[in-house]
Every structure is written in structure tokens, then in C-alpha cells.
Amino acid sequence: MRTAAIDFESYYDGELNIKEMGQWHYLRDPRGEIYMVSIVGEGLEPYCGPVKNAPWDRINGWRWVAHNYSFDGECVAALGDRIKARPAEYFCTANLAAFLGSPRDLEGASHHLLNKEISKDPRKKMKGQKWSEVENTEFACEMQRYALDDSYSCLELYDKYQDKMPEIEKALSRHTIQMAWRGFAVDRDRVDEGIRKLGQIKWESEQKLPWFEDGGVVLSVKNFRSECVKAGIPYPESLSEDSEECAAWEEKYGNQVPWVGAMRDWRKSNSYLVKMKVLRSRIRPDGTVAYGLKYFGAHTGRFSGDSRLNVQNLPREPHYGVDLRSCIVPRPGKKFIICDLSQIEPRVLAWLCGNHGLLDAVREGYAIYEAFAITANLWKGEKGTLKKSNPKLYHLAKAMVLGLGYGAGAKKFSYLAKTSYGIDMDETEASRVVTMYRSKNPKVVGFWRQLETAFRQSKDDGVYEIQLPSWRTLRYRNIRTQNIGREKPGYTAQVVMGAPHINFYGGILCNNTVQATARDVMAECILRLEKAGLPLVLHVHDEAVVEVDADVTPKDVEQLMSVTPDWLEGCPVAAEAVEADKYVK
DNA sequence: GCTACGAGCGCC
DNA sequence: AAAGGGCGCTCGTAGC
């Protein structure tokens, strides 16, 4: 199959742009225009000019490649009949770049992967300018050269590196683009109701802040502090929810001056409100919303949210009487089945460390936290009874399994135990628990040490690679000892080419390995579900939401997800599904 | 006016 | 020697 690189250029300004409007609405706004397309390909006369004169007939049925195909593919869709050609398949070189550990953007990818400098200046200069304003000028020629150059770089990335991307990753890249285009249906009434309620909370919070009346900025720490000084009371350093100092301050002064609570309510209600407004503004005529999702957004390979509507961090619980998740609903005649991989990370950690005892107990039917309690000699009992018989121990075991596997110390653990698992524990107590965990899990500790030792051997700007059990490798580049953000030097590396250095040690390397492996388990699940004809509307790390006909059951989905990959032989993989007429936690 | 960064907080 | 990790978004502020 022959390959062409395509790159559309479109008008944008401060209001009319993708980030504000989302791709779909941006490309269909009557104020906008797609004024140029550049196309290059082997044996093809390079083209750069208006869409209507492009050699579409020549590249019909070819493979079309673009840097951020989600955008260029949506251009093709938005232009509809005006392009009388379609690709046989498509490929995104931005996703390829991310997979390779390069920056995603074309400038960074060209620099690191092609050793070629390109400039985005011409495009920036086009901000706020219509093509008709610059046509027939010197700058227009520059812009054309720029657009053509982008297509050349894109094609070069494809030619040089596409074979470095395994088929499964290519499929995931395409799937991510497709799924986000498809989007989900939205319950508009619920959105409107939510916007009304949240607006009310926001307004009420404002009324509680004396500096708001004078036109002061609500969340300004400066304003807050000077108001405290005026009132003759001290102020806490941090206003955060989990600051003990702040909690104590609120206990003492909160009734007298309800400012901290009001600021917090304002911040939260406003952020949910913005989210809801974005959601509403992105509803398409058919009642569905497309969203952005970055394939390989994290260096571990996890997907990440994008363009103001991040579907991966919607609040689990209703706040202020508003449930954001429930605004996402199945299309008419369909239902959702929401399925989670059961404790995938701790299971993968146990597998990687060779903790067979723990995995055997899980396979026998113990919950992993029970299994941990058994193997640590903390408990003996029947399957599934720990939570009821000793809830305190159950929660502690859970906190230990989820909190201590990656090297957390006493301070962090006491914080995690309190904020995530409702266990009140001082640092001395936490320190004992940490020591106990490490002594009873020599394999985990050994795994940290092994990774750290190998990592450190690559210092002096070397590269350290962790071969995952799957088809992937984690790469840490330019390993050095230096101090960033601390007094003493630590071992640092880059996880994205040219990006800032990050501190690494055994616990983090272990975490990265586990997270990446769990991602690959999920990756196979995603493609397996689609292959079985169950389309996903979204996925969040270890959770998939499929939109299906009435005859599909949660058990069907569980079965498709509960598959141990060949390369993870011996690790029990399980899943739990529920069906719903809306997105629920 | 734009960009960068920290605080704070949402998720897994 | 000791160190949980991975993200994105909003707002406010500082610096260019």
C-alpha cells in the first residue's frame, strides 16, 4: 500500500480554537476555515494549497499519515463531500513519537527523532489571520513552505520509525482516536440541572468572602491573608484540605470567619461547573460528545486526558448534589457495562516479584488484601470474611498492599493511611508498619534493590532499559547524579527525550514497571472487547465502559477481561462488571 | 498579552 | 540513607 502524509492548516484565534471548543465544534464553526492542505508521498508531486485543488484522486485508497491524525482525520470528516477520497487506513505519527519516548509535538519529534529543526513560528503568526489577508504575500509563501515541511517531517517519521511500533500498539493508537471521535451520549437535562446547582453554590461561597464585594479575586491567598490580619487573627500557611495546620485553624477560627471553607467550596464548585459547561458546549447535533484522549500520554504507556474534558478524572461521588459521571449515558437503545480489572496492580507486583504464595491464595478465592494478611501471618480465616470479622485489619492490609509496595516511608504511609483508608496512625506507629511490611516482603524489597542497582550502573549519561514481560521496554535516558528539588544529589533520568530530569530510586522504578505492565494487560482487554463487537466509550486505566445491546451481560464482559496474557502466565487476572443506564463509579 | 509555575484537587 | 507512582485542569501570580 502506498503512503501519503497530509497536514491541514486552519484558522484559529483566542476564542476559535481546539482547546476552547473541542475539535469537532472548532472544525464546523462557520467563522473558521480550513485554508490549506499539504500532501506529500512517494511518487507524488508535493502539493500545498487549497483543499479543493489537492490531488485527492491520486491518494484515494492509500494509507494516510498525519501528525495528530485525530485532527486531520476530523478535518476530512468535516469537509465531507468536498474531499472525494478516503484512506484505506490511517496512522498517527504523534502517537508513534509518544510511543518511542519522544515529545509528541512535531517540533520536538523532528528534533529528537529526525535530527531536524523546524519552526512553528509561521503557524503562530497565522493566529487571528484569515488566509485572504495574507494571500499573495511573501509570508504566504513561507507558510506554504512550512506546511509542506511539516508533511515531509511526518512522512519521514513514518518511514523511519513505523516498524518500531508493534502491531498491537498501532491498533491501540487507532482505537484511541476512533473511540474518542465516537464519544458518548450526554443527558442534557442532568447537565443543565448540575450547572444550575453548582452556579448557586459558587454564588453562595462568594457572598461569604468580604474581599469579593470589593471586586477582589476569590482564591487570592494575598486577599485571604490581609483579611485575616485585618480581623486580628493568624492565618495558616497552606489552605489545602489535607493540611493539619489548616484543619486546626478551621477548628479554631472557622466559625468566626468561614473563609477557608468558602474558598474551598468555590474552587470545587467552580471546577465542576466549568467541566459541566465544557461538556454542554461540546454536545453535537446527535446528542453525543467527542472528547480528547492521548494514546501513551504517560511515559509508562498509560493513556491521559486532553483538551479540557478529561474523562479520566471525573469525580466518583456526587458533590453539592451533582453527579458528573451520571451525565454520560448510553445512546438510545443501548446500555453500559462497566468493568474493572480486580486489583490489577498488586497482582502484577506480586507476579513480578515472584510472590507465588500470595497469588496462589488469590487463585483460591481470597481477596488480595486477605491473601496478604495471611502470607504476612497477620490473619487466618475463611475466604471473604476478613472485611466483616476484622474491618480494621482489612483496611490496614489494604493500605499496606496499595501503599507500601513502592517504597513509601513512615511519613507518607501515615498520610496515605489517613487520607485514603481512614486509619489514624502517628508516624511512630506507621514506621513500625513500614518495617513490618518490608521484613515480611523480602521479594518486593529485593525487586526495588535489583532495579535500583541496575539503574545506577547506567550513570554517566547512560540508558537503563527495563524489559517488561509484555512487548514493551521502559527507557530511562541520560542517567546522572545531581540534586533537583532536594539537598542531596540523587540519581536522575529523562523518561521523555529532552524533558526535565526526574529523580529515580527502586520504589519508583518498581511502580513504573507495575503500572506499565498493568497497562499492557488492559491494552489487550481493550482490543479483545472491540474484537468481540463490544465498543468502548471510554477507559480509565483498569476500567472499561462498553456500550452494548440489551442481550450482552456483565458476565460476558467479565469473561473477556479476565484473561491472563500468555506473557503473564501464572498471574490471576479477574474482572468485575456491572450494567447501568448511566456512567457510575 | 502571553507563558510558566505553584497550589489545590479530581482520577487510577 | 531514604524516597509510593502516573496524569490534567482551574485559578492566581510572576516575569517577560
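Letters A, B, ... are given to chains in the order of the sequence lines, protein chains preceding strands, and every chain is numbered from 1. Predicted, not measured: the structure shown is a model, and the values here were computed from it.
For A/Lys294 and C/dG8, the shortest distance from a side-chain N or O to OP1 or OP2 is below 4.0 Å. Within the 4.0 Å cut-off from OP1 or OP2 of B/dC9, at least one side-chain nitrogen or oxygen of A/Arg264 is found. For the pair A/Arg325 and B/dC11, the criterion of a side-chain N or O lying under 4.0 Å from OP1 or OP2 is not met. In this model, the phosphate group of B/dC11 is not approached by any side-chain N or O of A/His541 to a distance below 4.0 Å at OP1 or OP2. Between A/Arg308 and the phosphate of C/dT10, there is a side-chain N or O to OP1/OP2 separation shorter than 4.0 Å. An OP1 or OP2 oxygen of C/dA3 is reached within less than 4.0 angstrom by no side-chain nitrogen or oxygen of A/Tyr406. One finds no side-chain N or O of A/Ser238 lying less than 4.0 angstrom from the OP1 or OP2 phosphate oxygen of B/dA7.
For A/Glu427 and C/dA2, the CD to C1' distance is 13 Å, given to the nearest whole Å. Atom CZ of A/Phe413 is separated from atom P of C/dG4 by 12 Å (rounded to the nearest Å). For the pair A/Leu239 CG and B/dC9 C1', the interatomic distance rounds to 13 Å; values are reported in whole Å. Rounded to whole angstrom, the span from the CG atom of A/Asn270 across to the P atom of B/dG10 amounts to 13 Å. The interatomic distance linking A/Ile466 (CD1) with C/dG5 (P) rounds to 15 Å, in whole Å. The OH atom of A/Tyr291 sits 15 Å away from the C1' atom of C/dG8 (whole-angstrom rounding). Straight-line distance from the CZ atom of A/Phe303 to the C1' atom of C/dG8: 16 Å, rounded to whole Å. A/Phe504 has its CZ atom 10 Å from the C1' atom of C/dG5, to the nearest Å.
Of the candidates C/dG8, B/dC11, C/dG12, the closest approach to any side-chain atom of A/Ser304 belongs to C/dG8. Listed nucleotides B/dG10, C/dG12, C/dG4 differ in distance to A/Leu219; the shortest reach to its side chain belongs to C/dG12. Between C/dC7, B/dG8, C/dG5, one nucleotide has an atom nearer to the side chain of A/Asn512 than all others, and that is C/dG5. Among the nucleotides C/dG4, B/dG8, C/dG6, the one closest to the side chain of A/Tyr505 is C/dG4.
Here the two rings, on A/Phe224 and A/Trp249, have centers that are under 6.0 Å apart. Aromatic pair A/Phe372/A/Tyr437: centroids less than 6.0 angstrom apart.
Taking the centre and axis of the six-membered ring of A/Phe336, the NZ or CZ atom of A/Lys582 falls outside the cone set by 45° and 6.0 Å.
Ring geometry, A/His539 versus A/His175: the interplanar angle falls under 30°, so the pair is classed parallel (tilted spans 30 to 60°).
You'll find the side chain of A/Leu352 reaches within 4.5 Å of the side chain of A/Pro469, heavy atoms only.
Judged by atom type and distance alone, A/Glu452 reaches the base of C/dA3 through a side-chain donor-acceptor pair under 3.5 Å. Side-chain atoms of A/Arg302 come within donor-acceptor range of the base of B/dC12, with a qualifying N/O pair under 3.5 Å. With hydrogens and angles ignored, no donor-acceptor pair closer than 3.5 Å exists between the side chain of A/Asn310 and the base of C/dG8.
Checking A/Trp448, A/Tyr491, A/Tyr476, A/Tyr464 one by one against A/Phe504, the ring pair (Phe, Tyr, Trp, His ring centres under 6.0 Å) holds for a single residue, A/Tyr476.
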